[in-house]
Amino acid sequence: MNVINARLRGRPGLFRIELNGAAIAAIVPQPDVVAPGAADDLDAAQNLVVPPFVEPHIHLDATLTAGEPEWNMSGTLFEGIERWAQRKETTTHDDIKARAKKTIDMLVDHGIQHVRTHVDVTEPGLVALKAMVEVREDVRHLVDLQIVAFPQEGIESYPNGRALMTEAIAIGADVVGGIPHFENTREQGVASLKFLMDLAERSGCLVDVHCDETDDPQSRFLEVLAEEARVRQMGPRVTASHTVAMGSYDNAYCSKLFRLLKRSGINFVSCPTESIHLQGRFDNYPKRRGVTRVAEIDRAGMNVCFGQDSIVDPWYPLGNGNILRILEAGLHICHMLGYEDLQRCLDLITENSARTLNLGERYGIEVGRPANLLLLSAPDDYEMVRSQGHALVSIRHGEVLMRRTPAQVHRRG
Ligand code: FE2
């Protein structure tokens, strides 16, 4: 299969991308627009061809459960955790698999082929984790799935929390998670971070911590995570998710913190729609945005990307799998609608996210890499966001996985 009349990000002109089986065989400059020749030519119509979108932060065990058995009436993160604890009592292996697969279909429909899901392991039977390990195999033809062992109710604060984390990694989780700001005390939060970093170092797993997901400016576990990563030289394998307290840190502390963050080399995930919904709930006016400093992290040369976090769960009632919706909202919320940001905004849901997931040479439009790519509906990043564009075709392992027909408007002449 060949993709013709393709634009590539950061390279002028048009290209023909030749796919040979499951790999990209050649990328050939085209002097002019060409008409489709062979029957299996796909015409990009002078629009962008990019590697697949990435979902770096979602909770597939919780999706599609909002209102079961009760709605989150306060809209706070902590009521969400309470509502989830109720729903968790009725989850079953089959229930989790069915909802996760339905959600993965929603992600695939929007061009996502790489997913990192957090899975709650604060449950003695590890039912959700065992189900998700099966899902990871069942959906290999659709997405590459990374599973985070995520201690929703704490490591130190939950009975046998450490043992459950260790068992989850032994069963097959890819990534070690954490939630230090939820532990009962600051000391427990710090201890949980040292424990989870030890576990990751021992097992060779990646790390992704829900870190400082609170408006409390005194929540300062990010500095502990970054220092642990720096000392162990694990930074590129470590991700700090949310870090929304950073939006409430004062600038003097943040300028010191950024020195450490840069030296640590860790990655950041922001979930802007979820955070602006859940945070700021204890404020009168002026009301904080409750998101991390995405633009500042990016300007400082560090790696940051956007995720959806939830789709119709106790924390967030909306969502449809479309990461472009998160990108558009995030650019607004994070004050990133400047010209230069718009020129390269797709980085926040492609290249930066792939780096967070440590995808390496398994990702990108390069000869020899997997034949996984998207045909988009616009010629550049700016127009893709402005026009609220879509992934029109998703190709995986050299075959069409999803094809979208855009809606047509008929206007009276
Ligand atoms: Fe999350």
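All heavy atoms count here, side chains included; hydrogens, waters and symmetry mates do not. In this chain, residues are counted from 1 in sequence order. Just so you know, ligand 1 is whichever comes first in the structure, and atom 1 is the first atom listed for that ligand. On a predicted model such as this, the values are computed, not experimentally measured, just so you know.
- Among residues two or more places apart in sequence or in another chain, the side-chain hydrogen bond (donor to acceptor under 3.5 Å, both in side chains) test is passed with R362 by none.
- No donor-acceptor contact under 3.5 angstrom links the side chains of T122 and Q152, judged on distance only.
- A salt bridge links R344 with D298: the distance from a Lys NZ or Arg NE/NH1/NH2 to an Asp or Glu carboxylate oxygen falls below 4.0 Å.
- A salt bridge links R9 with D347: the distance from a Lys NZ or Arg NE/NH1/NH2 to an Asp or Glu carboxylate oxygen falls below 4.0 Å.
- Around the Fe ion (ligand 1), the protein contributes the following N, O or S atoms at distances under 2.8 Å: H57 NE2, H59 NE2, H210 NE2, D309 OD1.
- The six-membered or imidazole ring of H210 lies near that of H59, with a centre-to-centre distance under 6.0 Å.
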Step by step, would you call Q308 with T273 a side chain to side chain contact (heavy atoms under 4.5 Å, CB included)? CA-CA 7 Å; Q308 304 190 54; T273 51; over 6 Å; no

